[in-house]
Protein chains: 2
Amino acid sequence: MFIILHYCCTIVCAKQFCPTFMKVAKKSTIKTIAAHVGVSVTTVSRVMTGQATDYRISKGTEIAIRGAAEKLDYAPNQLARGLRNRQTYTIGLVIPDIANPFFSSIAKVVEMEARKAGYSIILCDSQESTNIEIDALRLLQTRNVDGLIISSVGQDGKHLERLAQQGIPMVVVDRSFPNLKCPSVSSDNYQGALDAVSYLIENGHRMIACIQGLRHTSPNEDRVRGYRDAHQRHHLAVNESLIVGDSFGENNGYIETKILLKRANRPTAIFAVSNLISLGVLRAVAEEGLKIRDDVSVISFDDQPYSNYLATPMTTVAQQNYEIGKIACKLLFEQIRFKKPPDAKSFVVPTKLIVRQSVKKIGPISFDESLRN
Amino acid sequence: MFIILHYCCTIVCAKQFCPTFMKVAKKSTIKTIAAHVGVSVTTVSRVMTGQATDYRISKGTEIAIRGAAEKLDYAPNQLARGLRNRQTYTIGLVIPDIANPFFSSIAKVVEMEARKAGYSIILCDSQESTNIEIDALRLLQTRNVDGLIISSVGQDGKHLERLAQQGIPMVVVDRSFPNLKCPSVSSDNYQGALDAVSYLIENGHRMIACIQGLRHTSPNEDRVRGYRDAHQRHHLAVNESLIVGDSFGENNGYIETKILLKRANRPTAIFAVSNLISLGVLRAVAEEGLKIRDDVSVISFDDQPYSNYLATPMTTVAQQNYEIGKIACKLLFEQIRFKKPPDAKSFVVPTKLIVRQSVKKIGPISFDESLRN
DNA sequence: ATGAAAGCGCTAACAG
DNA sequence: CTGTTAGCGCTTTCAT
């Protein structure tokens, strides 16, 4: 990290704090308004919740109340409403890393959709830690969220099952747990990986490394399975020593690439299972003074805005983050609004291989090879 | 947008919903526990809030209560506590675009720091819209947040001033408003721009375009001011027609670059005032079949992980996002915890010019030019 | 060492 | 057409 940790601090203005001037207008409540207008709190409540006509409240009192509310800058206390109504109009969003563009773009749609539907979102970044995630889930429960969208780092869905039992609506994104009775939405990770690795194979690559992410998570396992199956379909044996790594983070990509590049028979291609991993690949390859494509071909999961403008524009497997977020919201709100019981439907949205220039075509497949296995 | 909007849906498992099995354990409360143990709710409350010794509650009842709490999986209802205590341990985070890496990295630190301090964060993405922002702020008030961290899109701080009046602790990030009595923290935008543009000038550039972001926002104005002053310091006149654009988004960078590149006397360099803008520059330049550096030099505000691996590694002005977020939290929690009145200290954290290869050195400055102005 | 009761702000059943 | 009252789950006087 190049960044210097000092910071300077300029005092632009430091007027003295003056308690006498600090007229902190106390927040008005239905009680305040009731007193002002000379009606009961019930009536105020009815007007404010739009039930004026239902209860045939006289036009006069209604506008009096609305006027007072306006004047007193009234806004209903959502805490009190939530407590009373057992519905808070908040949903929890639990993701492993908000700084990862994949998740931040999902957060973006989720926030937008939630807002449209009148919900606020409580954001929890689990930092890829199961413990933090578990704490976050407990917390969200105590905050009475109406629902949950979660990309769990847990390897089994145990703690999620407990939650589901409690009957709190939830949907899992970018993961799926076979035993969990709740809808999930994620990319077609298997197919995406299959496409990518097949493409490498069809371009003549035989020594293809796979730098994987956090093991036992569905996206990782599915992608690795795609990697394997691509080999199988092309009648190639999988070289297990080429499947390396254990985290979706950049460092994993960096370290594993460094090691791979030092090998006696260096792989001709790398399949990076996430955007951050390929970032690490980029760093390692540059550090070794090598060039992507000429020296190693690379395909990465996750398309990025920058992918197209890299020294070697990167061939990637694009996910439809936007759609994933949208579907997740839809599934969640269905459960919340219609009190629909969760079913374990698994939505899988297709990926797309975006071919750019990071894969070198290696001479025609030798006769010998074409018969192998 | 290349993405196909269809999605397929695979039903992995769809066990029938069974209300009888669905034992939705009702949440336990202090009342439940009190009943279980045979004490009053008061005592339970005291134990659960750690005031057992203060009230000299007998060891026996205490462990009985703790045991019951454990067994019944009790967790205090934060809504009720918030209502009663007038403190919710939530803070609002309002930012213009959570998908922008700059803001998502700030969100990351804020979330982490908040969690450490026992706070949850409610995320609001204002989508660069003042109206959404205003709504979000009202909403957060009704949710009784204990504090606010906001990167306001508003051009004056009017709606923020109203809020500050209400006495809700807040700190502004990446913006500053002269009249707003609350601390702010942002980069030294002026100096960063000054450095960047000076560097361009010192490399011989005289036709330097500035693609700016949202006008009348402090980071934009400060950066443009830096652009101007860099010229002035080098005794160069500013060509007003070279200051273009009006948004921090990618499209703005794209469009303005397209136009700039078509000009009769095309600028030799572009100073892009944000990461997204330079992304647009990248796209436009590529589309025109030109090369960054050879055909146009570029410096962008905001360093990115990918900046170093671009076709032409980009010279950037790096901000210390991490520090900005941390300082913001510190300032906020100071106000919240110590009921410290807000002072309008403005924290400005330095930027760093990261020189890479996107700036071409243009022949020595001519004698004629060195005397100009 | 422990409880009863009031109240945070709101809504809804019940009662006119 | 409007009001009284109880209660959501919790904390906190004030009693004992």
Side-chain angles (χ1 to χ4, degrees), chain A residues 25-66 68-69 72-90 139 141-146, chain B residues 25-66 68-69 72-90 139 141-146:
Chain A
K26 216 172 160 287
K27 242 185 246 174
S28 59
T29 70
I30 48 171
K31 209 165 153 191
T32 333
I33 297 180
H36 242 252
V37 181
V39 294
S40 76
V41 290
T42 314
T43 310
V44 178
S45 170
R46 281 172 180 151
V47 169
M48 297 320 291
T49 49
Q51 307 180 83
T53 40
D54 295 9
Y55 282 93
R56 298 188 282 162
I57 283 160
S58 75
K59 218 60 198 156
T61 47
E62 175 169 1
I63 57 175
I65 288 172
R66 289 203 188 287
L72 298 173
D73 192 35
Y74 169 77
N77 183 331
Q78 298 299 345
L79 243 43
R81 300 188 93 208
L83 183 60
R84 172 68 228 223
N85 297 343
R86 319 185 138 289
Q87 205 193 2
T88 54
Y89 285 96
T90 53
L139 184 88
Q141 265 194 90
T142 69
R143 293 205 181 279
N144 297 70
V145 294
D146 294 342
Chain B
K26 218 174 159 283
K27 241 185 249 176
S28 58
T29 70
I30 47 172
K31 207 166 154 189
T32 333
I33 297 179
H36 243 251
V37 181
V39 293
S40 76
V41 290
T42 314
T43 310
V44 178
S45 169
R46 282 175 179 147
V47 170
M48 297 319 292
T49 49
Q51 307 180 81
T53 39
D54 296 9
Y55 283 93
R56 296 188 281 163
I57 283 159
S58 73
K59 220 56 199 161
T61 47
E62 176 170 358
I63 58 176
I65 289 172
R66 289 205 187 285
L72 299 173
D73 193 35
Y74 169 77
N77 183 330
Q78 298 300 344
L79 243 44
R81 299 189 96 209
L83 183 59
R84 170 71 225 221
N85 296 343
R86 323 187 136 286
Q87 203 192 3
T88 55
Y89 285 95
T90 54
L139 183 87
Q141 266 193 89
T142 70
R143 292 205 181 279
N144 297 68
V145 294
D146 294 342

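Residue numbering restarts at 1 for every chain, and letters A, B, ... go by the order of the sequence lines. These values consider heavy atoms only, across backbone and side chains, with no hydrogens, waters or symmetry-generated copies.
Rounded to 10 degrees, the angle between the two end axes of the helix from dA1(C)-dT16(D) to dG16(C)-dC1(D) is 50°, with five pairs used at each end.
Along DNA chain C, the nucleotide nearest to R84(B) and the one nearest to T61(B) differ in position, and the one closer to the 5' end is contacted by T61(B). Comparing Y74(A) and R56(B) along DNA chain C, the residue whose closest nucleotide (by nearest heavy atom) sits nearer the 5' end is R56(B). Projected onto DNA chain D by closest heavy-atom contact, Y55(B) and A80(B) fall at different nucleotides, the more 5' of which corresponds to A80(B).
When DNA chain C is scanned in the 5' to 3' direction for atoms under 4.0 Å from non-hydrogen atoms of chain B, the outermost contacting nucleotides are dA1(C) to dG9(C). Read 5' to 3', the first and last nucleotides of DNA chain D with an atom closer than 4.0 Å to a heavy atom of chain A are dC1(D) to dG9(D).
Applying the side chain to side chain donor-acceptor pair (under 3.5 Å) rule to T42(B) yields no partners; only residues at least two apart in sequence or on another chain are considered. Listed by chain and residue number, E62(B) satisfy the salt bridge (charged side-chain N to carboxylate O under 4.0 Å, His left out) test with R66(B) (two or more places apart in sequence, or in another chain).
To the nearest 0.5 Å, atoms CD1 (I65(B)) and CZ (R46(B)) are separated by 10.5 Å. The CG atom of N144(A) lies 11.5 Å from the CG atom of N85(A); values are rounded to the nearest 0.5 Å. Atom CD of Q51(B) sits about 8.5 Å away from atom CD1 of I57(B), to the nearest 0.5 Å. The OG1 atom of T90(B) lies 10.5 Å from the CG atom of L139(A); values are rounded to the nearest 0.5 Å. Atom CD1 of I30(B) and atom OG1 of T43(B) lie 10.0 Å apart (nearest 0.5 Å).
The backbone N or O of S45(A) lies less than 3.5 Å from a partner atom in the side chain of T49(A), making a donor-acceptor pair. Remark: side-chain polar atoms of T142(B) are not paired, donor with acceptor, to backbone N or O of A75(A) under 3.5 angstrom. Side-chain atoms of N77(A) come within 3.5 Å of backbone atoms of L79(A) as a donor-acceptor pair (strictly under, hydrogens ignored).
The residue I57(B) sits close only to the backbone: its heavy atoms come under 4.0 Å of sugar-phosphate atoms, none of a base. Contact annotation for G38(B): backbone-only contact, meaning every heavy-atom pair under 4.0 Å involves sugar-phosphate atoms and none involves a base.
Listed by residue number, T42(B), S45(B), R46(B), T49(B) are the residues of residues 39-51 of chain B with a heavy-atom contact under 4.0 Å to DNA chain D.
Listed here is the closest heavy atom pair of S40(B) and A34(B): C-CB, 3.8 Å. Contact between Y74(A) and M48(A) at its shortest, heavy atoms only, is CD2-CE, 3.8 Å.
A 4.5 Å side-chain heavy-atom check between V47(B) and Y55(B) finds every atom pair outside the cut-off.
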